[in-house]
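Per chain, numbering begins at 1; letters A, B, ... match sequence-line order. This structure is a prediction, so every number in the text was calculated from the model and none was measured.
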Number of protein chains: 2
Amino acid sequence: MISIKELTKQTGVSVRTMRYYDEINLLPPAGKTEGGHRLYSEKEIKKLQEIQFLKSLGFRLIEIKEMLSDKNWDWEIGLKNQLNYILQEKQRIIQIEKTLKGLLNTLKIENSVDLTYINKLIQLYQSKNEQQNIFRDKYFHQGERKLLNKLPKMDSDDPHSLEWISYLVDLKKFKHKGANSPEIQQIIHCMYEKAIDTFGENDDFFNKLWEIRKSPEKSTKMGFYPIEQDILNLIEEAWDFYENKRH
Amino acid sequence: MISIKELTKQTGVSVRTMRYYDEINLLPPAGKTEGGHRLYSEKEIKKLQEIQFLKSLGFRLIEIKEMLSDKNWDWEIGLKNQLNYILQEKQRIIQIEKTLKGLLNTLKIENSVDLTYINKLIQLYQSKNEQQNIFRDKYFHQGERKLLNKLPKMDSDDPHSLEWISYLVDLKKFKHKGANSPEIQQIIHCMYEKAIDTFGENDDFFNKLWEIRKSPEKSTKMGFYPIEQDILNLIEEAWDFYENKRH
DNA sequence: ATATAAGATTACGTTACGTCACTTTCAAGT
DNA sequence: ACTTGAAAGTGACGTAACGTAATCTTATAT
């Protein structure tokens, strides 16, 4: 028989926890001294370890109490239920992770994020429903829809998206140098190569894409990555210079 | 200006929630009627959507309150912190998932799981520390240690493990037929083929493995999948028959 | 004017303890 | 036997984000 302090030293749980387990009748002490001090034996240590283990699996104390007291507890059902719950949680966590990474991506572009911008994003995330697909189907045909998936997605951290985003960041950085500056022209060049590489030389597709891009409302409805108007203008202007030089 | 009921209809949150948000001063109504009924405007709807969005990212209300009120809130730091937290949670969830799957695997073998068995498992899980590696390194050399990783692991659901486990289940099922019965001999045959396939013809390795297997304490220290003594005996006996027949 | 729906306030319940505040018991030294 | 300091006890409040219930008041439709 050991004291409560000894028990906590051996198991790492707190005194308060042991008293709580006693209170809810999950793990009462083996006995008490005349003065009322709790005394524990080996059996309680074992049970405490079982409790700790089950707790680490995410079970709640009330469930653990049932498991350990009910002699005919169906472990298979219990464990399967818990697994289902955990799998759901996992999905939720993964979704949050993707969204957070997406937000951090956009932060690279908008280096000052204010609430109006957050608001735009919220609308984007909340409009991720059938509506988007309706517009998507309206503007693009079968083959083009596959290409759309290669566009940078806000909630993605794949290299493609990151590359496009870095171009936008650079554009913003050198905006003040003008659309015909070597810096901007260099970026446009890279973007052009990347686009050809990814989508092929598909003028019709590009034109449609650009038409939508130039309309903020359509972009939003389509679930496109939000790009500010002045950057869009810059791209258009710089692209004119770039094409003239090539021909 | 709309009533609280109208707001909840439009946004899906509960009346209680709105009153609570008012109480903690996160989202007070735009105004009140003479009678004291809360009235909300478009601005509040927007803010409520922001709150819902941030809540879906796992932020707590007190944090959201700060984010939305502090004009100079550093979104990058905030989002990064949250991402770190989420990544930690993800690791925890994945660990739980693995353990639960492992437990469910063992359930297939021990179709009646009592507390003594859970206890064995707890010891196994809790001894997953340096101790294990010390013993591992003591008994096996470099090349053999690689082979060890191909043994069935309790917390894994890869096909290898599942196959070994199914053999053990079958052995248990046909135990009563005797070590020399065709059923048992068939299983031993499959196990033999699988072993050769996985580990090659490595007699020294097998002997060491078997030596440890026959000692429950060593098995435990090594973190091996716990197999009952009578099944071990059955395997040994059946193996003798099998070898005699082959030669 | 009245019935009824909608709204307000107040307060307790939830989880698994942490953290006081205050009192009592234990074990050891004198 | 007496003292004393450490350890232990009990009781209470706080936590997060509401759900739920009880009771009272206001708004609205007939």
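- Residue pairs meeting the salt bridge (charged side-chain N to carboxylate O under 4.0 Å, His left out) criterion with at least one partner in residues 8-34 of chain A, sequence neighbours excluded, are Glu6(A)-Lys9(A), Asp22(A)-Arg38(A).
- Helix-axis bend for the helix from dA1(C)-dT30(D) to dT30(C)-dA1(D): the local axis fitted to the five terminal pairs at one end deviates from that at the other end by 30°, rounded to 10°.
- Applying the side-chain hydrogen bond (donor to acceptor under 3.5 Å, both in side chains) rule to Asp170(A) yields no partners; only residues at least two apart in sequence or on another chain are considered.
- Not counting sequence neighbours, the partners of Thr17(B) by the side-chain hydrogen bond (donor to acceptor under 3.5 Å, both in side chains) test are Ser14(B).
- For DNA chain C, the neighbouring residues in residues 3-14 of chain A, judged by any heavy atom under 4.0 Å, are Ser14(A).
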Protein and nucleotides 25-29 of chain D: nitrogen or oxygen contacts under 3.5 angstrom:
{"from": "dA27(D)", "atom 1": "OP1", "to": "Thr33(B)", "atom 2": "OG1", "distance (Å)": "3.3"}
{"from": "dA27(D)", "atom 1": "OP1", "to": "Gly35(B)", "atom 2": "N", "distance (Å)": "3.3"}

Distance-only donor-acceptor pairs under 3.5 Å for side chains of residues 82-94 of chain B, two or more places apart:
{"from": "Gln82(B)", "atom 1": "NE2", "to": "Leu57(B)", "atom 2": "O", "distance (Å)": "2.9"}
{"from": "Gln82(B)", "atom 1": "NE2", "to": "Gly58(B)", "atom 2": "O", "distance (Å)": "3.2"}
{"from": "Glu89(B)", "atom 1": "OE1", "to": "Arg92(B)", "atom 2": "NH2", "distance (Å)": "3.3"}
{"from": "Glu89(B)", "atom 1": "OE2", "to": "Arg92(B)", "atom 2": "NE", "distance (Å)": "3.2"}
{"from": "Lys90(B)", "atom 1": "NZ", "to": "Glu97(A)", "atom 2": "OE1", "distance (Å)": "2.9"}

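- Remark: Ser41(A) pairs with Glu44(A) by the side-chain hydrogen bond (donor to acceptor under 3.5 Å, both in side chains) rule, at least two apart or across chains.
- Counting only distance, with no hydrogens or angles, the side chain of Thr8(B) and the backbone of Gly12(B) share no donor-acceptor pair below 3.5 Å.
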Close N or O pairs between protein and nucleotides 2-5 of chain D (under 3.5 Å):
none

For a quick test of your reading: what N or O donor-acceptor pairs under 3.5 Å do the side chains of residues 62-70 of chain A make, sequence neighbours left out?
{"from": "Glu63(A)", "atom 1": "OE1", "to": "Arg60(A)", "atom 2": "N", "distance (Å)": "2.7"}
{"from": "Lys65(A)", "atom 1": "NZ", "to": "Ile24(A)", "atom 2": "O", "distance (Å)": "2.9"}
{"from": "Ser69(A)", "atom 1": "OG", "to": "Lys65(A)", "atom 2": "O", "distance (Å)": "2.8"}
{"from": "Ser69(A)", "atom 1": "OG", "to": "Glu66(A)", "atom 2": "O", "distance (Å)": "3.3"}
{"from": "Asp70(A)", "atom 1": "OD1", "to": "Asn72(A)", "atom 2": "N", "distance (Å)": "2.9"}

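- Checked against side-chain hydrogen bond (donor to acceptor under 3.5 Å, both in side chains), Asn81(A) has no partners two or more places apart in sequence or in another chain.
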Between the protein and nucleotides 12-16 of chain C, list the N/O to N/O atom pairs that are separated by less than 3.5 angstrom.
{"from": "dA16(C)", "atom 1": "OP1", "to": "Leu61(A)", "atom 2": "N", "distance (Å)": "3.2"}
{"from": "dA16(C)", "atom 1": "N7", "to": "Tyr20(A)", "atom 2": "OH", "distance (Å)": "3.4"}

